[in-house]
Amino acid sequence: MLEDFVRPEIRALEAYVPGRSIEEIRQEYGIEKVIKMASNENPLGTSPLVQEVLARHAGEAFRYPAGGNPRLVKAIARYLGLPESRIAVGNGSDEIIDMIIRIMTTPGRDNIVCFEPCFSLYPIQSLINGVEVRREPLPSDFVFDFDKLYAHVDENTRLVFVTAPDNPSGYCPRPGEIRRLAEKLPGDCLLVVDEAYIHFAAEEGETEADWSLLRQKDVPVNVAFIRTFSKCYGLAGLRIGVGILPEFLAGYYWRARLPFSVNILAEEAAITALDDDVFRQETIETVRKGRKELSLALTEMGCTVYPSRANFLMFTPPAGHPALELYEALLRRGVIVRALKSYEMPQNIRVSVGSPEENKIFLKATREILGGGR
Ligand SMILES: *Cc1c(COP(=O)(O)O)cnc(C)c1O
């Protein structure tokens, strides 16, 4: 049978269950107004400046992008103050993560190390590529213990993944701690720091550099960074991810990746978004405010809210209100949040910080369902 020859790593995969869409919920429950606070997308939507640029460049859709996306690479290098030779761009940071795994690990021999739970792509792409995954369970407060993570590293560990701030908990380790882990790792092991949510880490009075190892001086050479245009820049649907890699790795990335994975409109949008300080600052302020407001209100309702430095909050509803029931009840009221069953945390919910109006709708619905709070 032909099907018997499907690679065992692929056969072992479970079918992907996508999150519920606004349209689906509208039809299923017959409600007009449905809001989605499930995927950590930008609460302000797409920047008006970017929308204008997309419209202006629509007529160029017939062209292939320039190989290697040189204009975008140059813009990112200038923005970060780093050499172009270290920058990789891809179809979402998903592509960058997958490529780092494929370039750096030999199936059947090497392993990767990460926490559990963590962003699901690191273990899934590793398993697809035939690479062993070693995981350190996080404690109940989701604070990283890098000594325990380090204990999983052996001579076949090629990659260690750390998410800062973390998804789904929102916890953010200090850059000094990440640096110490990097310095301790053997020279044949690369530390990959995923900074997808780093723009949201600083509270008022702090700067991005207080939380981002990438933004510090003398970063150890065995660290790669992942960033994305999907969150703070509001371009999740256009799929643009960034790798800040050791130079040798960036070189192999450009040889091995699919040739045109960042398309011509995505490239224009990203170049514009980098310069759009106003939109980025508004996004950060909206998230800071909303995060504080949601956290206070949920706590008042008796939920356990985990401290978050990202654009989402993870929480446990009060006793007597199972998270999955709350999730379903919110759906019936037209509010889509993320149940964390797939992260093996059926007791928790993750809610993305929305616009002020969305936050209000979410809190009102939750208050009704939980029946308490003031
Ligand atoms: C959202 C997210 C990303 C970004 O993924 P894209 O493919 O760039 O959209 C990366 N890492 C983490 C941990 C995320 O939550």
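Ligands are counted one by one from 1 in listed order, and the atoms in each one are counted from 1 as well. Nothing fancy with the numbering, it's 1 onward along the sequence.
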| query | Is there at least one pair of N or O atoms, one from Thr228 and one from ligand 1, spaced under 3.5 Å apart? | reply | yes

| said: I'd like to check whether Asn167 has a polar contact with ligand 1, where a contact means an N/O of the residue lying under 3.5 Å from an N/O of the ligand. | reply: yes

Compute both the distance and the angle, then confirm whether [X] meets the cation-pi test with [Y]: under 6.0 Å from the six-membered ring centre, within 45 degrees of the axis.
{"X": "Arg338", "Y": "Phe315", "result": "no"}
{"X": "Lys184", "Y": "Tyr150", "result": "yes"}
{"X": "Arg332", "Y": "Tyr29", "result": "no"}

| Has the side chain of Asp166 got a donor or acceptor atom that lies under 3.5 Å from a matching backbone atom of Tyr171? | no

Using a strict 4.0 Å cut-off to heavy atoms of [X], name the atoms of ligand 1 that fall inside it.
{"X": "Thr163", "value": "13 (C)"}
{"X": "Lys231", "value": "1 (C), 2 (C), 3 (C), 4 (C), 14 (C), 15 (O)"}
{"X": "Arg239", "value": "6 (P), 7 (O), 9 (O)"}
{"X": "Tyr197", "value": "1 (C), 2 (C), 14 (C), 15 (O)"}

| message | Hydrogens and angles aside, do Tyr122 and Thr163 bring a side-chain donor and acceptor to less than 3.5 Å of each other? | response | yes

| task | Tell me yes or no: between the side chains of Arg227 and Ser212, is some donor less than 3.5 Å from an acceptor? | result | yes

| remark: re atom 9 (O) of ligand 1, the protein heavy-atom contact at minimum distance is Ser230 OG, 2.6 Å

| field | Residue, atom name and distance, where the atom is the protein heavy atom closest to atom 11 (N) of ligand 1 | value | Asp194 OD2, 2.7 Å

| remark: Residues Arg71 and Glu267: closest non-hydrogen pair is N-OE2, 4.3 Å

| message | Below a 4.0 angstrom heavy-atom separation, can you tell me which part of Asp94, side chain or backbone, both or neither, approaches ligand 1? | response | both

| field | Option set Ala236, Pro168, Ser93, criterion heavy-atom distance to atom 6 (P) of ligand 1, minimum | value | Ser93

